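One structure below.
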Amino acid sequence: LPSRPPILDERAQPPNVRLKGGTVSRASRSLSRRLALAALALLSVATACGGGSEEQPAIDFPETAPFPPALEARLHEIRDQAMTIRGLTLDAQVDEGMLTRDQLRAYFDEAEAGVTEDERREMEIYNQALRMLHIIGPEDDTLSLSTESGSEDILGLYMHAGKKLILISDATTLSREDKSVLAHEYTHGFQHAVFDMNEFYEFAEREARKDDPATEYATTLSCLVEGDATVSQGLYEQLVLGPPPDVPADASPPAAENG
């Protein structure tokens, strides 16, 4: 949120967040909402770089619960399968935990409640521009969209600072979707084991705080990191999970239409 380090990370580093709409879930968000969230992210960076209002303290992320012991062997089987697909052999130590949907909702509600009036007025400028462009509806609001998306669409997280993998679930079994999300988030753990990701993100933060940023380093890094995890996740779905139950195994993609 504006004038705060990016939420979901105690060291103000961009978190890796797995959202519905890609290969994890067939329920996708509208283009207008994605663009609204992008505008909010842009506002956050602009405020941080330009000074903005007085800095607010970061909000503590909820404590996670350990996975049930009965799931630990399955978790590590998914980790090892994802590692093989990624073509790696390494000792990737990752702290694994679970968070309920209600805990995540409460976190984002607290974050929204802490937004100052100055921040809200600045965000309203973006709201007006996006409404004029018909990117969001006349009653839509970037802050509300961000809170709603964070509360309802996040499926899993990987916290850079503590090397912590989080699955948003309170179930005692792993669904197909859960397994896919875990393959994605474990890939972020592999990235940390092979590369010094903290150094990359610290450099991105320094670049973003320059008075006149000359690069899109942070965006490029995010694309690389998330692209790697998304490709690995897609391969995990294809090679391990197979087609979803409602999709025939021999189904062919629809033919492209002319024009």
Side-chain angles (χ1 to χ4, degrees), residues 1 4-25 27 29 34 37 40-41 44 58-68 71-72 75-76 78-79 82 86 92-112 145-171 174-193 195 197-198 200-201 204-205 218 221-234 236:
L1 295 173
R4 291 182 177 81
I7 54 179
L8 304 178
D9 195 310
E10 71 244 40
R11 286 192 57 192
Q13 299 168 161
N16 286 310
V17 178
R18 186 71 194 119
L19 299 177
K20 290 181 180 177
T23 53
V24 168
S25 173
R29 295 179 298 160
R34 291 199 299 271
L37 294 174
L40 182 60
S44 301
I59 298 170
D60 290 335
F61 194 69
E63 289 291 329
T64 60
F67 280 87
L71 292 183
E72 287 186 1
L75 273 178
H76 297 154
I78 295 169
R79 178 199 62 195
R86 184 60 181 81
Q93 297 297 322
V94 177
D95 185 12
E96 302 145 340
M98 302 176 72
L99 200 68
T100 68
R101 181 66 57 189
D102 285 343
Q103 286 178 294
L104 194 65
R105 290 187 186 112
Y107 173 80
F108 275 95
D109 286 345
E110 183 181 358
E112 181 175 358
L145 289 172
S146 176
T147 301
E148 179 186 347
S149 179
S151 299
E152 305 301 331
D153 293 343
I154 291 176
L155 300 174
L157 304 168
Y158 183 82
M159 310 288 279
H160 291 289
K163 298 182 180 179
K164 187 175 186 66
L165 179 153
I166 302 171
L167 181 69
I168 309 303
S169 174
D170 55 4
L174 295 176
S175 67
R176 174 190 171 87
E177 183 177 67
D178 292 336
K179 296 171 186 176
S180 176
V181 171
L182 287 167
H184 180 104
E185 304 305 343
Y186 271 123
T187 302
H188 291 310
F190 306 156
Q191 292 166 347
H192 263 277
F195 307 106
M197 299 304 297
N198 288 335
F200 285 126
Y201 281 114
E205 184 179 348
L221 178 61
S222 177
C223 290
L224 180 63
V225 169
E226 285 301 325
D228 177 25
T230 300
V231 169
S232 296
Q233 176 187 5
Y236 176 85

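The structure presented is a predicted model; accordingly, all values stated were derived computationally and were not measured. Side-chain atoms are counted along with the backbone in the values below, which use heavy atoms only and exclude waters and symmetry mates.
- Note: Asp153 CG to Leu104 CG = 10.0 Å, rounded to the nearest 0.5 Å.
- Every side chain to side chain donor-acceptor pair (under 3.5 Å) that Lys164 has, sequence neighbours left out, goes to Thr64, Asp95.
- Arg176 meets the salt bridge (Lys or Arg N to Asp or Glu O under 4.0 Å) test with no other residue; sequence neighbours excluded.
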Full working for side chain to side chain contact (heavy atoms under 4.5 Å, CB included) between Thr187 and Tyr236: CA-CA 11 Å; Thr187 302; Tyr236 176 85; over 6 Å; no
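- Every residue two or more places apart in sequence or in another chain was checked for a side chain to side chain donor-acceptor pair (under 3.5 Å) with Glu110, and none qualifies.
- Annotation for Gln233 and His184: closest pair OE1-ND1, 2.9 Å, computed over non-hydrogen atoms.
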Evaluation steps, side chain to side chain contact (heavy atoms under 4.5 Å, CB included), between Glu185 and Val181: CA-CA 6 Å; Glu185 304 305 343; Val181 171; 4.1 Å; yes
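- Residues passing the side chain to side chain contact (heavy atoms under 4.5 Å, CB included) test with Lys163, sequence neighbours excluded: Tyr158, His192.
- Looking only at side-chain heavy atoms (C-beta outward), Asp228 and Val225 stay at 4.5 Å or farther from each other.
- Residues forming a side chain to side chain contact (heavy atoms under 4.5 Å, CB included) with Pro68 (at least two apart in sequence, or on another chain): Leu71, Met98.
- Using a 30° and 60° split on the angle between ring planes, Phe190 and Tyr186 fall in the parallel class, below 30°.
- One N or O on the side chain of Ser151 and one on the backbone of Thr147 form a donor-acceptor pair closer than 3.5 Å.
- Between Leu157 and Leu165 there is no side-chain heavy-atom pair separated by less than 4.5 Å.
- For the atom pair OG of Ser222 and CZ of Phe200, the computed distance is 14.0 Å after rounding to the nearest 0.5 Å.
- For Asp170, the salt bridge (Lys or Arg N to Asp or Glu O under 4.0 Å) test picks out no residue, with sequence neighbours left out.
- In this structure, Arg79 and Val94 have side chains that are not in contact, with every pair of non-hydrogen atoms separated by 4.5 Å or more.
- Judged purely by atom type and a 3.5 angstrom limit, Asp178 uses its side chain to pair as donor or acceptor with the backbone of Ser175.
- With sequence neighbours excluded, the residues satisfying side chain to side chain donor-acceptor pair (under 3.5 Å) with Asp102 are Arg105.
- Every residue meeting the side chain to side chain contact (heavy atoms under 4.5 Å, CB included) condition with Gln103, not counting sequence neighbours, appears here in chain and number order: Pro62, Leu99, Thr100.
- Contact of the Arg101 side chain with the Glu152 side chain is registered, since non-hydrogen atoms from C-beta on lie closer than 4.5 Å.
- Between Met197 and His188 there is no side-chain heavy-atom pair separated by less than 4.5 Å.
- Shortest non-hydrogen contact noted between Leu167 and Leu155 is CD1-O, 3.8 Å.
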